[in-house]
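The block underneath contains the structure these notes are about, expressed in structure tokens.
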Amino acid sequence: MAAPCRRQGRPGAGAMNLQQELTQRLARAIAAAFPDASDAEPMVTAAQNPQFGDYQANCAMGLSKRLKSNPRAIAQSIVAALDAGDLIDEPTIAGPGFINMRLRPEFLERQAAAVGADERLGLPVAETPRTVVVDFSSPNTCKPMHIGHVRSMVIGDAICRLLRLLGHRVVADNHLGDWGTQFGLLIVGFRMFGHEVPERDDPLLRLVEIYKRAHAAAEADETVRDQARAELARLHAGDQENYRQWQQYCRWSMEHFNQIYRRMDVHFDETLGESFYNDLLPGVVDELAAAGLARPSEGAMCVFWDDDSLPPLLVRKKDGAFLYATTDLATLKYRRDRWHPDEIVYLTDARQQLHFRQIFSVAERWGVAEGMRLRHVWFGTILGPDGTPLKTRSGDLVELADVLDEAERRAVEVVREKTPDLDDAEAGEIARAVGLGAIKYADLSQNRQSDFVFDWDKMLSMQGNTAPYLQYAYARIRSIFRKGAESGCRPGETGVSVAEPAERALALKLLQWPEAVAAAGDDYRMNLICNYLYELSSVFTSFYESCPVLKSEPAQRDSRLQLCDLTSRVLKTGLDVLGIQVLERM
RNA sequence: ACGCCCGUAGCUCAGUAGGAUAGAGCGGCGGUUUCCUAAACCGCAGGUCACAGGUUCGAAUCCUGUCGGGCGUACCA
């Protein structure tokens with residue numbers, strides 16, 4: 001299937017954030033009309049209600065107190081000083097002093113054409129590219145991926161994609177938990193039960209079975225616990241055999257993880273376990289002590305805050321062992337030296353907020369956070385219908401591989417029902433993209449800070465505000481181009497027209513893509529991208545219902561084909577940011 | 001006990017510069033297919049935004065208090 005021919009334009013030629021542009025125009029008008037209040041925020045937002053126009057400025061009411069004047073009169077003066085006739089009609093003043101603005105159709109038409117010719121779809125490139133390390137996924141080894149791992153993975157990967165789209169350098173860093181206390185028990189368990197637990201396709205699942213038995217044995221028998229402690233100590237002391245065992249477990253774990261990452265289409269630039277930082281830990285504690293941050297307390301080493309703004313942070317146990325916090329500080333310093341990042345982003349669930357406030361504060365006082373922005377991007381917990389963490393009937397966490405299987409199974413059913421004429425290979429491919437998309441979108445479309453109530457039907461839903469809805473909109477557009485190509489229809493040069501309300505609404509929404517990206521990038525809120533794409537698809541579908549494309553007159557057809565083409569490109573780009581595939585057919 | 005987060009339609013959730021009549025999906029009810037994919041579209045019903053005060057021209061949003069829920073608070077990660 002040939003892509004619709006695209007006019008070659010200078011990349012970035014159509015770059016414009018409408019909200020920003022109008023904000024700047026309004027700011028100039030305020031400065032001109034009220035020099036004393038030239039610092040006032042114009043407060044331009046997309047109009048709440050289409051009857052008020054496309055954008056509104058809400059600054060006049062706020063200025064009224066400061067200037068001791070009637071807000072409507074203030075709005076009037078701002079409008080009089082406003083130079084934006086190239087973008088909007090004469091603004092109207094409504095209610096207490098809202099400035100309502102409506103974009104001119106000629107502007108929409110010109111801008112839509114410009115964006116259509118722009119590879120970046122109107123999205124400005126970051127003027128100062130930053131280097132951002134994104135720490136996400138970071139599962140513990142020797143445990144299968146379960147449903148609780150999905151958020152960090154999906155949101156983290158999407159944030160990486162978003163930052164790259166904005167023109168930043170990204171280091172996607174998978175910080176494996178490969179140095180826990182479970183290894184002693186695993187080593188003992190392997191010796192006790194290794195010969196009687198059968199091999200499996202996924203060696204990690206065998207390891208988990210062994211661990212379960214070892215755990216039960218330790219519960220029942222004190223000496224097993226002692227052995228586990230001894231093996232762990234031996235591992236930490238550098239025992240060759242135990243080290244080899246440990247490496248084997250880590251390899252099996254990675255095989256399992258990589259299988260999941262491949263299915264999920266999630267990628268990393270760097271994968272280093274906690275074990276990698278082991279040698280650095282004593283030095284970290286020494287430095288903290290030398291800097292006067294850490295001091296002995298009850299036999300341990302601990303960082304205190306003189307003003308008690310934060311509770312004490314333990315960096316070395318009284319038995320000499322180091323902790324999670326120590327590793328995180330060592331990792332932070334290592335990343336600074338290795339990547340010289342402008343920012344490090346950590347994705348974890350909400351429960352680690354205090355931990356990261358402590359880590360960031362220590363890093364600052366220690367001096368290793370100089371010139372770096374440290375951000376804890378946290379998300380809510382995945383809960384079952386009863387409000388507690390999700391479990392299967394046997395009490396285990398739901399395995400991610402099973403969720404992916406179930407999603408595909410459901411998607412196959414829908415594909416078979418809706419599009420029976422597909423061959424098995426294509427149906428399977430569509431089902432994979434649709435099932436995986438549904439899972440990712442269910443997670444990304446929700447405010448990340450809310451707890452996530454897991455519900456098979458909701459998570460794997462293919463109807464309403466879901467990824468399949470967006471994929472379907474895309475597939476319908478591609479279908480138009482397939483059909484159009486048969487009779488030689490291609491989007492051409494005639495220009496875009498927005499005479500019909502549905503055309504106008506679609507063009508406007510398309511021009512707002514940069515706003516959605518900017519808003520999402522501000523605070524890593526991927527749900528804003530989802531909202532936008534859903535609205536775009538929704539506006540498109542209305543357009544699709546009311547505006548025939550291929551059956552319209554040539555000039556109109558050409559314009560509509562351009563709108564379709566642009567819609568499909570924004571959808572593809574947007575879904576790509578979410579890590580969701582588009583489909584030519586579904 | 002202290003700290004953080006939360007309480008919005010029957011259900012799941014948007015609403016993070018304080019702005020006009022609080023939105024969406026699902027579920028419910030009713031319509032739409034000689035036409036580019038009906039995984040769709042159009043319409044209707046459904047709300048004391050937990051409660052009580054306060055701030056202001058204006059509060060789901062900010063402040064205080066109460067009730068209810070989740071999580072966290074030095075030898076786990």
Side-chain angles (χ1 to χ4, degrees), chain A residues 41 43-45 47-49 51-52 56 58 61-62 64-65 71 94-98 100 138 140 177 179-182 274 297-304 310-319 321-325 327-328 348-355 357-358 378 380-381 383 387-388 411 414-415 417-419 434 442 445-447 449-453 455 457-458 461-466 468-469 471-473 475-484 489 519 522-523 525 527-528 530-531 534-535 537-538 541-542 544-552 557 560 564 585-586:
Chain A
E41 281 292 328
M43 310 213 323
V44 173
T45 62
Q48 309 283 320
N49 187 320
Q51 79 184 71
F52 302 133
Q56 59 184 66
N58 302 335
M61 288 82 80
S64 133
K65 173 164 289 177
F98 297 103
N100 290 334
S138 309
N140 291 326
W179 204 244
T181 51
Q182 74 274 31
E274 293 175 320
S297 170
E298 298 172 30
M301 285 297 278
C302 191
V303 177
F304 294 89
L310 290 169
L313 180 70
L314 212 62
V315 292
R316 193 176 69 204
K317 305 202 292 188
K318 67 178 169 220
D319 68 3
F322 302 99
L323 297 104
Y324 183 46
T327 311
D328 269 351
T348 81
D349 71 42
R351 289 175 296 205
Q352 298 196 33
Q353 286 176 85
L354 175 60
H355 170 75
R357 268 170 51 209
Q358 291 174 308
W378 55 270
T381 313
L383 305 171
T388 64
V414 179
V415 172
E417 183 199 328
K418 302 290 182 187
T419 320
V434 166
S445 61
Q446 176 163 311
N447 182 329
Q449 298 189 337
S450 308
D451 282 344
F452 187 87
V453 176
D455 175 332
D457 291 329
K458 189 194 169 179
S461 167
M462 320 266 159
Q463 245 141 44
N465 183 5
T466 64
Y469 180 85
Q471 291 167 317
Y472 185 59
R476 285 170 121 182
I477 297 172
R478 303 302 306 148
S479 177
I480 290 175
F481 282 108
R482 265 196 309 277
K483 199 137 264 174
C489 288
D522 272 353
D523 197 26
R525 288 181 290 160
N527 62 312
L528 298 181
C530 296
N531 282 353
Y534 177 66
E535 284 166 12
S537 303
S538 180
T541 311
S542 297
Y544 180 91
E545 298 284 337
S546 63
C547 300
V549 177
L550 297 176
K551 292 195 166 67
S552 55
R557 183 180 63 204
R560 288 178 178 175
C564 285
R585 300 184 62 189
M586 63 184 279

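To find a chain, count down the sequence lines: A is the first, B the second, and so on, and within it residues start at 1.
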Gap between atoms CG and C1', on Leu528(A) and rA14(B) respectively (whole Å): 10 Å

Would you check, one step at a time, whether the test side-chain contact (heavy atoms from CB on, under 4.5 Å) holds for Met61(A) with Phe98(A)? CA-CA 8 Å; Met61(A) 288 82 80; Phe98(A) 297 103; 3.5 Å; yes

If a stem is a run of at least 3 consecutive Watson-Crick or G-U pairs, both distances under 3.5 Å, which stems include RNA chain B? B:1-7 with B:67-73, B:10-13 with B:23-26, B:28-32 with B:40-44, B:50-54 with B:62-66

Can you tell me how far P in rA22(B) sits from the matching atom in rC49(B), rounded to whole Å? 10 Å

What contact category does Glu41(A) fall into here, base, sugar-phosphate, or nothing, at under 4.0 angstrom with non-hydrogen atoms? base

Considering only the C1' atoms, how many Å lie between rA20(B) and rC57(B), rounded to the nearest integer? 13 Å

Check every strand shown and say whether Leu323(A) touches a base, only sugar-phosphate, or nothing at a heavy-atom separation below 4.0 Å. sugar-phosphate

Nearest whole Å is fine: how far is rC2(B) P from Leu354(A) CG? 17 Å

Closest listed nucleotide, where the reference is the side chain of Gln51(A) and the choices are rU21(B), rA38(B), rU16(B): rU21(B)

Side chain of Gln352(A) (C-beta onward), nearest among rG72(B), rA77(B), rC75(B): rA77(B)

So Asn49(A), base contact, sugar-phosphate only, or nothing? Heavy-atom distance under 4.0 Å. nothing

Is the closest side-chain heavy-atom distance between Tyr544(A) and Ile480(A) below 4.5 Å? yes

Nearest listed nucleotide, side chain of Ala300(A), among rA39(B), rC75(B), rA77(B): rC75(B)

Is any side-chain N or O of Ser297(A) under 3.5 Å from a base N or O of rA74(B), one able to act as donor and the other as acceptor? yes

Can you tell me whether the side chain of Gln463(A) and the base of rA40(B) have a donor-acceptor pair closer than 3.5 Å? no

Considering every strand and a 4.0 Å limit on heavy-atom distances, what is the contact class for Asn140(A): base, sugar-phosphate, or nothing? sugar-phosphate

Counting only side-chain N and O atoms of Tyr472(A), is one of them less than 4.0 Å from OP1 or OP2 of rA39(B)? yes

Nearest to the side chain of Lys65(A) - rU56(B), rC41(B), rA77(B)? rU56(B)

Atom-pair distance (CE on Met43(A); P on rA20(B)), nearest Å: 12 Å

When you compare the protein's N or O atoms with those of nucleotides 30-36 of chain B, which come within less than 3.5 Å of each other, and at what distance?
residue, atom, partner, partner atom, Å
rC35(B), O2', Lys551(A), NZ, 3.1
rC36(B), O2, Leu550(A), N, 3.1
rC36(B), N3, Val549(A), N, 3.0
rC36(B), N4, Tyr544(A), O, 2.5
rC36(B), N4, Cys547(A), O, 3.1

Please classify the nucleic acid contact of Val303(A) as base, sugar-phosphate, or nothing, using heavy-atom distances under 4.0 Å. nothing

Provide the distance between the two C1' atoms, one in rG46(B) and one in rA9(B), to the nearest whole Å. 6 Å

Would you say Gln48(A) places a side-chain N or O within less than 4.0 Å of OP1 or OP2 belonging to rA20(B)? yes

Would you say Thr541(A) and Arg476(A) make side-chain contact, with heavy atoms under 4.5 Å? yes

Against the side chain of Pro311(A), the closest entry in rC57(B), rU73(B), rA40(B) is rU73(B)

Rounding to the closest angstrom, what is the interatomic distance between rC6(B) and rC75(B) at atom P? 27 Å

Tyr469(A) on top of rA39(B)'s base, within under 5.5 Å and under 30°? no

Distances under 3.5 Å between nitrogen or oxygen atoms of protein and nucleotides 10-13 of chain B:
residue, atom, partner, partner atom, Å
rU12(B), O2', Lys458(A), NZ, 2.6
rC13(B), OP1, Val453(A), N, 3.4

So does Asn58(A) reach the base of rA20(B) with its side chain, donor to acceptor, closer than 3.5 Å? no

Over all strands shown, is Val315(A) touching base, sugar-phosphate only, or nothing at heavy-atom distances under 4.0 angstrom? nothing

Please classify the nucleic acid contact of Asp328(A) as base, sugar-phosphate, or nothing, using heavy-atom distances under 4.0 Å. nothing

Below 4.5 Å, heavy atoms only, C-beta onward: do Trp378(A) and Gln352(A) meet side chain to side chain? no

How would you label the contact of Gln56(A) with the nucleic acid (heavy atoms, under 4.0 Å): base, sugar-phosphate, or nothing? base

rU8(B) versus rG23(B) - spacing of their C1' atoms, nearest Å: 10 Å

Counting only side-chain nitrogens and oxygens, does Lys418(A) get under 4.0 Å of the OP1 or OP2 atom of rA39(B)? yes

I'd like the P distance from rA45(B) over to rC2(B), given in whole Å. 47 Å

Want to settle it: does His355(A) or Met61(A) sit nearer the 5' end of RNA chain B, counting the closest nucleotide to each? Met61(A)

Output yes when at least one side-chain N/O atom of Asn527(A) is less than 4.0 Å from OP1 or OP2 of rU16(B), else no. no

Fit a plane to each ring of His355(A) and Tyr324(A), take the angle between them on a 0 to 90° scale, and name the class: parallel (under 30°), tilted (30 to 60°) or perpendicular (over 60°). parallel

Check every strand shown and say whether Ala94(A) touches a base, only sugar-phosphate, or nothing at a heavy-atom separation below 4.0 Å. base

Across the strands shown, which category fits Glu298(A) at heavy-atom distances under 4.0 angstrom: base, sugar-phosphate, nothing? base

Face-to-face stacking of Phe98(A) with rA20(B), centres under 5.5 angstrom, angle under 30°: yes

Are Tyr469(A) and Ser538(A) close enough that some pair of their side-chain heavy atoms sits under 4.5 Å apart? yes

The side chain of Ser542(A) lies closest to which of these nucleotides: rC41(B), rA74(B), rA24(B)? rC41(B)

Contact class for Gly62(A) vs. all strands (heavy atom < 4.0 Å): base, sugar-phosphate, or nothing? base

Rounded to the Å, how far apart are Ile477(A) CD1 and rA40(B) P? 15 Å

Between Pro96(A) and Ala475(A), the residue closer to the 5' end of RNA chain B by nearest nucleotide is Pro96(A)

What interatomic distance, in whole Å, is found between C1' of rA59(B) and the corresponding atom of rA40(B)? 38 Å

Rounded distance (Å) that lies between atom C1' of rA39(B) and atom OH of Tyr534(A): 12 Å

What integer number of Å spans the P atoms of rA17(B) and rG25(B)? 23 Å

